[in-house]
S.K.: 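Starting off with a structure, shown below.
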Amino acid sequence: MTVVRTRIAPSPTGDPHVGTAYVALFNYCFARQHGGQFLLRIEDTDQVRSTRESEAAILRSLKWLGLTWDEGPDVGGPHGPYRQSERSAIYRAHADALIEKGHAFRCFCTPQRLDEVRKAQLAAQQTPGYDGHCAHLSATESAARAAAGETHVVRMKVPREGVCQIQDLLRGPIEIEWAQVDMQVLLKSDGLPTYHLANVVDDHLMGITHVLRGEEWISSAPKHLLLYGYFGWQAPQLCHLPLLRNPDKSKLSKRKNPTSIVYYERMGFLPEALLNYLGMMAWSMPDEREKFTLEEMVAHFDLSRVSLGGPVFDQAKLSWLNGRWIRESLTPQQFGERVAQWALNADYLGRITPLVQGRVERLSDLGAMTSFFFQGLIEPNPAELTVKGLDADGVRRALQWVSWRVEDTTPFTRDTLEPALRETAELLGLKTKDFLRVLFVTFTGKPVSTPLFETMELLGRDLCRARLRHAQTLLGLMTSKEDKKWKAELEAAEKALAEKKLAAAAAAVAPETPTL
RNA sequence: GGCCCGUUCGUCUAGUGGUCAGGACACCGGCCUCUCACGUCGGUAACAGGGGUUCAAGUCCCCUACGGGUCACCA
């Protein structure tokens, strides 16, 4: 019997997500329990969205949780490189092999044509999908056009009839008609593979035997199985785990729930408690005990104990569990050490004290003046969440504009935040001072405190996001109608501001022109 | 909308044909106690609905409803 090998394959396109940790945990436990290996691979084939910062943050967060891998971009291994952006040649060769065998073809269609086709299909109430336009180009024409440098993608061929049967470790057989499967792009016009190609090639080359992944992948499983078949490889066992959910049951998302592992770290959750909580999402110990370590989970892990209903990620129960870990598993000394590690450390304190030195009269003023640096969510007085010159809805809209800025401002530093938020004030047609006041209240709970931009940087994006969202909740969360409306209004304001600046620049130049 | 997956207390779950449907979080009440928290005792609360199969269905099958996912040159 071959050794079990599993993997987690995060895409470095954002904050470290608890869902990634959840899937990683199950893959880790499954591999360990069978005496196998668990590896980490970075799926950074999306050149536009992938960043090294995100990759580093994801590795850091998974390690913080106590998850380790036998092979990965940081530790190496015999099947590297473990970063897909460094494996382009491999995918290209495999795509070529598929073209040669007639399982894939070059597609020279323009995005515009694809768009038109899709619209027509939608109008005719058909399932949108590639119409096969380039599938029957002759090999010589295809090769010639590619050689001439014409931009193209590579698509896989898909049977038009019959059904694909997927054997899911948890769900048994799942049948999907081939007619439902699109002729997926395998190689993008930038020469990099899509997930579907890269994932299959790498899982095979890296000897992955079992793929435990989110339920969201079920519908694309036929493509993957088909590719394994085209290559003549044995496919790994597939197992689709239920998705973590928001309280409203939708797929866990940043918009509705904190999803970043860093948020939980900054909120003061213990890594062992968070990991423990993720372990009780869709899974339970045979004896139903709720508190358990990673080692205990590995020892008792059993895929058949995974339940299929999507579990709601419940902050309240996580907090309760975290409390248990704090009071049951830490000595007083260890507790002190954890607190120090968390925020009472020289680094954090050393960045805070300079902000208050000029504002204190006695050292004892420190506590009250900096309390919000050591809190999770704060309770601002709703009566203070106002802006001079704006009505209630105006404030709500302003906070939402800020929320978009908080997401878009990268890196999240004093120097990037200041211009971004000053501009937001300008877009709102407000005096910076009047506008910023509500942000002081939002982030620190008080209308006056340490300098806003430095404070935001120190709190970090995750805590700022949470406090902002909390303030928005107090005032009434944005409706989806408002979402669209406010977004459009923001774009209009940005456009107007850009034009105004352009005009001002032109006016500044104009006087130079001779008036003879 | 097409296709696919799912459905036990509000939430996380136990349950694999015979249980008074159990536990936990949250909530409510009692006790403990210098306050609070912890702890402890107790309470409210669920098999989505309808058909089958069976001596017997939360457990098996079908239909309906509801929820979710997916339909990209993103993963």
Side-chain angles (χ1 to χ4, degrees), chain A residues 9-14 17 19-20 41-50 54 84 107-111 114-115 118 121-122 124-130 151-155 163-164 166 168 170-199 213-223 240-252 277-291 304-324 326-328:
Chain A
S11 179
T13 53
H17 198 282
T20 304
R41 179 175 72 226
I42 295 295
E43 309 234 333
D44 57 350
T45 54
D46 183 341
Q47 282 187 109
V48 181
R49 297 195 305 148
S50 298
S54 170
Q84 291 186 330
C107 170
F108 300 91
C109 294
T110 61
L114 261 20
D115 200 45
R118 188 173 307 118
Q121 287 165 332
L122 249 20
Q125 298 215 316
Q126 291 172 313
T127 313
Y130 186 66
T151 60
H152 62 276
V153 300
V154 176
R155 286 180 187 274
V163 297
C164 174
I166 303 150
D168 185 281
L170 282 171
R171 301 158 205 264
I174 298 172
E175 293 193 339
I176 295 177
E177 292 186 18
W178 285 118
Q180 295 294 326
V181 182
D182 198 10
M183 286 177 248
Q184 182 66 48
V185 169
L186 297 178
L187 215 56
K188 300 178 275 186
S189 55
D190 63 6
L192 291 183
T194 57
Y195 169 84
H196 307 284
L197 207 221
N199 150 274
R213 57 175 13 170
E215 190 177 10
E216 56 196 335
W217 292 108
I218 291 179
S219 55
S220 50
K223 294 169 193 170
H240 296 92
L241 301 169
L243 260 22
L244 261 26
R245 311 285 187 96
N246 294 311
D248 69 359
K249 302 278 192 181
S250 56
K251 169 168 139 180
L252 194 67
Y277 185 68
L278 291 173
M280 53 196 276
M281 294 280 88
W283 190 79
S284 61
M285 273 287 195
D287 64 1
E288 280 202 81
R289 93 184 90 138
E290 299 196 286
K291 185 175 166 230
S304 72
R305 294 193 64 81
V306 173
S307 57
L308 296 176
V312 171
F313 192 94
D314 182 11
Q315 302 286 330
K317 190 152 186 177
L318 169 61
S319 291
W320 163 79
L321 223 210
N322 196 56
R324 274 194 68 180
I326 288 175
R327 69 185 98 87
E328 293 174 11

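Throughout, protein chains are lettered first and strands after them, A, B, ... in sequence-line order, and every chain is numbered starting at 1. Only a predicted model underlies this, so the values are computations on that prediction, with no experimental measurement involved.
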S.K.: Base, sugar-phosphate, or nothing for A/Thr45, non-hydrogen atoms under 4.0 angstrom?
M.R.: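 Counting heavy atoms under 4.0 Å across all strands, the contact made by A/Thr45 is with sugar-phosphate only.
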S.K.: Please report the distance, rounded to the nearest Å, between CG in A/Leu318 and P in B/A26.
M.R.: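 So the CG-P distance, A/Leu318 to B/A26, works out to 12 Å.
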S.K.: Which one, B/C12, B/G69, B/A26, comes nearest to the side chain of A/Trp320?
M.R.: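 Taking heavy atoms from C-beta onward, the closest nucleotide is B/A26.
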S.K.: How would you label the contact of A/Ser307 with the nucleic acid (heavy atoms, under 4.0 Å): base, sugar-phosphate, or nothing?
M.R.: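 It contacts sugar-phosphate atoms only.
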S.K.: Does anything in residues 179-188 of chain A come within less than 4.0 Å of RNA chain B? Heavy atoms only, and list the residues if so.
M.R.: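 Output list: A/Gln180, A/Val185, A/Lys188.
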S.K.: In whole angstrom, give the distance that lies between atom CE of A/Met285 and atom C1' of B/A14.
M.R.: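 The answer, rounded to whole Å, is 15 Å.
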S.K.: Which heavy atom of A/Pro10 sits nearest to which heavy atom of A/Arg41, and what is that distance?
M.R.: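 A/Pro10 and A/Arg41 have their closest heavy atoms at CD-O, 3.2 Å.
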S.K.: Classify A/Arg289 by what it touches in the nucleic acid, base, sugar-phosphate, or nothing, heavy-atom distance under 4.0 Å.
M.R.: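 Touches nothing.
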S.K.: If we take the P atom in both B/G58 and B/G22, what is their distance in whole Å?
M.R.: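 Approximately 14 Å lies between the P atom of B/G58 and that of B/G22.
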S.K.: With the side chain counted from C-beta on, respond yes when A/Arg171 and A/Glu215 share a heavy-atom pair under 4.5 Å apart, and no when they do not.
M.R.: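 In contact.
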S.K.: Would you give me the side-chain donor-acceptor pairs under 3.5 Å for residues 311-318 of chain A, sequence neighbours excluded?
M.R.:
from	atom 1	to	atom 2	distance (Å)
A/Asp314	OD1	A/Ala316	N	3.1
A/Gln315	NE2	A/Tyr264	OH	2.7
A/Lys317	NZ	A/Glu290	OE2	3.0

S.K.: If you assign A/Ile174 and A/Ser219 each to the RNA chain B nucleotide with the nearest heavy atom, which residue ends up on the more 5' nucleotide?
M.R.: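 Taking each residue's closest nucleotide, the earlier one in sequence belongs to A/Ile174.
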S.K.: Indicate, with a heavy-atom threshold strictly under 4.0 Å, whether A/Arg305 touches base, sugar-phosphate, or nothing.
M.R.: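 Result for A/Arg305 = sugar-phosphate.
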S.K.: Across the strands shown, which category fits A/Glu43 at heavy-atom distances under 4.0 angstrom: base, sugar-phosphate, nothing?
M.R.: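 Sugar-phosphate: the residue A/Glu43, judged by heavy atoms under 4.0 Å, touches backbone atoms but no base.
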S.K.: Roughly, in whole Å, what's the span from CD in A/Gln84 to C1' in B/C74?
M.R.: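 The distance from CD of A/Gln84 to C1' of B/C74 comes to 13 Å, rounded to the nearest Å.
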S.K.: Please work out if A/Pro286 contacts a base, only the sugar-phosphate, or nothing of the nucleic acid, heavy-atom cut-off 4.0 Å.
M.R.: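 Contact class for A/Pro286: none.
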S.K.: Heavy atoms under 4.0 Å, any strand shown: does A/Glu175 hit a base, just sugar-phosphate, or nothing?
M.R.: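 Here A/Glu175 touches the backbone only, sparing every base.
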S.K.: Round to a whole Å and report the spacing from CG of A/Asn199 to C1' of B/C74.
M.R.: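 Result: 13 Å.
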S.K.: Quick one: label A/Cys109 by what it contacts on the DNA or RNA (base, sugar-phosphate, nothing), any heavy atom closer than 4.0 Å.
M.R.: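 Base, at least one base heavy atom under 4.0 Å.
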S.K.: Quick one: does A/Asp182's side chain have a donor or acceptor within less than 3.5 Å of a partner on A/Gln184's backbone?
M.R.: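 Pair absent, no side-chain N/O of A/Asp182 close to backbone of A/Gln184.
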S.K.: Tell me whether the side-chain N/O atoms of A/Thr13 come closer than 4.0 Å to OP1 or OP2 in B/C74.
M.R.: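 For B/C74, neither OP1 nor OP2 has a side-chain N or O of A/Thr13 closer than 4.0 Å.
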S.K.: Can you give one letter per nucleotide of nucleotides 27-37 of chain B, 5' to 3': B if a protein heavy atom sits under 4.0 Å from the base, S if only from the sugar-phosphate, - if neither?
M.R.: -----------
